[in-house]
Amino acid sequence: MTSSLRSDLGLSKGDVALTLPAAPSRLEIPVLRFALLSIGVVAVPVAPICTDSEIVRVVRLGNTKIAFATSATAYKLPRPLIPSAVLVDSDRFRSLILTRGGSSTVESETTTTRQSDPG
């Protein structure tokens, strides 16, 4: 999945991806978040109970490159502010999981992820 996120969606270290699941119990959500973190993408989880203005604020603060949502929560995405969106309950997302993006030989890149709180 990580190679597909890199090659098919153009994600790389330092990019910001918003996740807006309908329910965190979907298996795709933790798999997606771990894949994003493994390539150094900042995964920003947003609860579906957030208001539209709260989501807009998160998107603007993080300079979000892509959003992952479900068909039940996609209406909450501020489309003009997010360059790309993928529904985790779609065939497109399933293809990201099932296929290797790019060439058949993908070099592994070591990424160090740190969480820090400046306050």
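Because the structure is a prediction, the values reported are computed rather than measured. Scope of the values below: all heavy atoms of this structure, side chains included, with no hydrogens, waters or symmetry mates. The first residue of the sequence shown is numbered 1, and numbering continues consecutively from there.
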Kindly give the heavy-atom pair with the smallest separation between [X] and [Y], and that separation in Å.
{"X": "Ile55", "Y": "Cys50", "answer": "CG1-CB, 3.9 Å"}
{"X": "Val88", "Y": "Phe93", "answer": "O-CD2, 3.4 Å"}
{"X": "Ala35", "Y": "Thr2", "answer": "O-CG2, 3.6 Å"}
{"X": "Ala85", "Y": "Arg79", "answer": "CB-NH1, 3.5 Å"}
{"X": "Leu87", "Y": "Ala74", "answer": "CD2-CB, 3.6 Å"}
{"X": "Pro48", "Y": "Pro21", "answer": "CG-O, 3.1 Å"}

Single-linkage hydrophobic cluster [X]~[Y], side-chain heavy atoms < 4.5 angstrom:
{"X": "Val31", "Y": "Ile29", "value": "yes"}
{"X": "Leu77", "Y": "Leu81", "value": "yes"}
{"X": "Leu96", "Y": "Leu11", "value": "yes"}
{"X": "Val46", "Y": "Ile66", "value": "no"}
{"X": "Val58", "Y": "Ile82", "value": "yes"}

*Indicate whether any N or O donor in one side chain lies under 3.5 Å from an N or O acceptor in the other, for Thr19 and Arg33.*
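Present: a donor and an acceptor within the cut-off.
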*Cut-off 3.5 Å, side chains only: do Ser71 and Asp89 have a donor facing an acceptor?*
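A donor-acceptor contact under 3.5 Å links the two side chains.
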Would you say [X]'s side chain and [Y]'s backbone share a donor-acceptor pair under 3.5 angstrom?
{"X": "Thr64", "Y": "Ala17", "value": "no"}
{"X": "Lys76", "Y": "Ala69", "value": "no"}
{"X": "Asp15", "Y": "Ser12", "value": "yes"}

*Indicate yes or no: at least one non-hydrogen side-chain atom of Leu5 is less than 4.5 angstrom from one of Val41.*
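Leu5 does not reach Val41 side chain to side chain.
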For the [atom1] atom of [X] and the [atom2] atom of [Y], what is their distance to the nearest 0.5 Å?
{"X": "Ile49", "Y": "Glu54", "atom1": "CD1", "atom2": "CD", "answer": "8.5 Å"}
{"X": "Asp8", "Y": "Met1", "atom1": "CG", "atom2": "CE", "answer": "10.5 Å"}
{"X": "Leu98", "Y": "Arg94", "atom1": "CG", "atom2": "CZ", "answer": "8.5 Å"}
{"X": "Arg6", "Y": "Ser38", "atom1": "CZ", "atom2": "OG", "answer": "7.0 Å"}
{"X": "Ser4", "Y": "Ile97", "atom1": "OG", "atom2": "CD1", "answer": "9.5 Å"}

*asked:* Under the side-chain contact (heavy atoms from CB on, under 4.5 Å) test against Phe68, which residue among Leu9, Leu20, Leu18 passes?
replied: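 Considering Leu9, Leu20, Leu18, a side-chain contact (heavy atoms from CB on, under 4.5 Å) with Phe68 is found only for Leu9.
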*For Leu61, does the CG atom sit with more than 12 other heavy atoms under 6.0 Å from it, leaving out its own atoms?*
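For Leu61, atom CG is crowded (more than 12 foreign heavy atoms under 6.0 Å).
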*asked:* The criterion is side-chain hydrogen bond (donor to acceptor under 3.5 Å, both in side chains); which residues satisfy it with Arg60, sequence neighbours excluded?
replied: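 Arg60 satisfies side-chain hydrogen bond (donor to acceptor under 3.5 Å, both in side chains) with no residue once adjacent residues are dropped.
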